[in-house]
Amino acid sequence: MARLAQTAGLTDIQQEILSTVRDFVDKEIIPVATELEHRDEYPQQIVDGLKELGLFGLMIPEEYGGLGESLLTYALCVEEIARGWMSVSGIINTHFIVAYMLKQHGTQEQREYFLPRMAAGEVRGAFSMSEPALGSDVSAITSKAVKDGDEYVLNGQKMWLTNGGTSTLVAVLVKSDEGHPEGTAPHKSMTTFLVEKEPGFGEVRPGLTIPGKIDKMGYKGVDTTELIMDDLRIPANRVLGGATGRGFYQMMDGVEVGRVNVAARGCGVAQRAFELGVSYAQQRHTFGKPIAQHQAIQFKLAEMATKVEAAHAMMVNAARKKDSGERNDLEAGMAKYLASEYCKEVVEDAFRIHGGYGFSKEYEIERLYREAPMLLIGEGTAEIQKMIIGRRLLEEYRFQG
């Protein structure tokens, strides 16, 4: 839409990038998204197009072959891509979280080795925290690394790995007792390992298996998998940052970027739902006039547009706060929480406007209706966001008695 979700203060370069991405979405993603999604088909041609546009290197510094753009630019691009098909934004999200973690926390050797190839799209990133039995309780992970000479031996099972099959580099969070005696706080005994692998399913390197795609209600096309480590041997120089015990902080830093991304996805899906709803409301006639002329529908459209605007503003604020170098967990948590909740509500209202046709796979809103719930869970549930927000507010507004 030309009128909703505009961002003030963008540079000419940022506007040019966004215009290019928007055109790509309109011409290359929206016309094929629903068909590919129904087939649960990986959008290889779309991914190749994003690679040609240089989007895999959008936030990677120019010295490593990237465009060196800000988190705000990236988030606005994600918003546009999710407007076309949310699954495509998931393909680049995990890639950028890993690239960001390498940029912020990697050794010089790790940055020089991985980032140029990630910028070119030759190496695709994924990251893995969750496990089958723990959900949001990251401190309860049981996957473990044991030092053995110049290597570590990793064992355990990870879950909900976006890009698990198509990625060639996975940042994996495990417990590492080496240098951290018994009784050490759980978050101080975690380490992130940079695990290189072949794309595909089955045994993708000795000791590492990607069993296959998890069949999902929505968010199709992008591969979501498990990851099983059975005496997986990783050289010590693939510990992110070169020292154990920092993994939790590294991952949480990356997740803050991820939460801005999820907020941007929510904004994009909500924008598309509004576009579909407002268009259909002007075409569908009941009682002798377009349903858009009925006050009940106008009220829905007004609420939908207001939610799109509010979510976009909070997402932009969170991205700009992170770009400034300030702590942004409060803003990212608020943006992720609000954008995902509003996205669900806007999609449902658009679904209701479509009436019975919204239940038909022939209409695009059916796909959005299945995609929106993932945003309520990904990168931390609404309940986790509210815990983060509440704790930070108590820090800021501490009672002085």
Side-chain angles (χ1 to χ4, degrees), residues 94 97-98 100-102 104-107 109-110 113-114 125-165 167-198 200-212 214 223-255 258 378-381 384:
T94 55
I97 289 178
V98 177
Y100 174 82
M101 290 167 62
L102 275 162
Q104 295 296 108
H105 306 288
T107 64
E109 183 273 331
Q110 289 167 352
Y113 181 75
F114 287 112
F127 77 104
S128 180
M129 290 193 298
S130 188
E131 295 183 2
L134 62 86
S136 298
D137 185 8
V138 179
S139 66
I141 65 173
T142 59
S143 298
K144 192 172 182 179
V146 176
K147 187 81 182 296
D148 182 21
D150 293 331
E151 296 180 317
Y152 287 86
V153 180
L154 278 59
N155 283 281
Q157 183 178 1
K158 309 297 282 186
M159 192 70 177
W160 305 118
L161 183 65
T162 301
N163 290 329
S167 60
T168 54
L169 173 65
V170 185
V172 182
L173 184 68
V174 301
K175 285 190 172 178
S176 55
D177 293 338
E178 181 252 340
H180 311 288
E182 189 173 345
T184 300
H187 63 280
K188 293 183 178 180
S189 60
M190 298 183 189
T191 299
T192 303
F193 285 86
L194 300 169
V195 179
E196 297 173 86
K197 69 175 189 66
E198 293 296 319
F201 301 99
E203 190 173 49
V204 291
R205 70 175 280 171
L208 181 65
T209 299
I210 306 293
I214 296 170
D223 45 295
T224 306
T225 74
E226 299 174 71
L227 180 148
I228 299 171
M229 299 173 289
D230 184 11
D231 289 339
L232 170 64
R233 305 188 76 88
I234 301 294
N237 66 358
R238 289 298 172 258
V239 171
L240 180 62
T244 62
R246 301 175 183 172
F248 179 82
Y249 304 102
Q250 294 163 346
M251 282 281 180
M252 290 304 104
D253 190 23
V255 164
E379 247 74 291
T381 63
I384 288 294

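- With rounding to the nearest 0.5 Å, the separation of CG in Asp148 from CD1 in Ile234 is 13.0 Å.
- Formation of a donor-acceptor pair under 3.5 Å by the Asn155 side chain with backbone atoms of Asp231 is found in this model.
- Interatomic distance, CD of Glu151 versus CG of Asn237, reported as 10.0 Å (0.5 Å rounding).
- A donor-acceptor pair under 3.5 Å links the side-chain atoms of Arg205 to the main chain of Glu196, judged by distance alone.
- Remark: side-chain polar atoms of Glu131 are paired, donor with acceptor, to backbone N or O of Thr142 under 3.5 angstrom.
- With a 6.0 Å cutoff to the six-membered ring centre and a 45° limit on the axis angle, Arg238 counts as a cation-pi contact of Tyr113.
- Checked by atom type and distance alone, the side chain of Lys158 never pairs as donor or acceptor with a backbone atom of Val174 at under 3.5 Å.
- With hydrogens and angles disregarded, a donor-acceptor distance shorter than 3.5 Å links the side chain of Asp223 to the backbone of Gly164.
- Looking at Glu379, its side chain never comes within 3.5 Å of a backbone N or O of Val255 through a donor-acceptor pair.
- Put simply, the side chain of Lys175 never gets that close to the backbone of Ser189: no donor and acceptor are under 3.5 Å apart.
- In terms of heavy atoms, Phe127 sits closest to Leu161 at O-CD1, 3.1 Å.
- The 12-atom threshold is not exceeded at CD of Glu198, counting heavy atoms of other residues, nucleotides or ligands nearer than 6.0 Å.
- The main-chain N or O of Gly106 is never found under 3.5 Å from a side-chain atom of Gln250 such that the two would form a donor-acceptor pair.
- The distance from the CZ atom of Phe248 to the OG1 atom of Thr191 is 13.0 Å, given to the nearest 0.5 Å.
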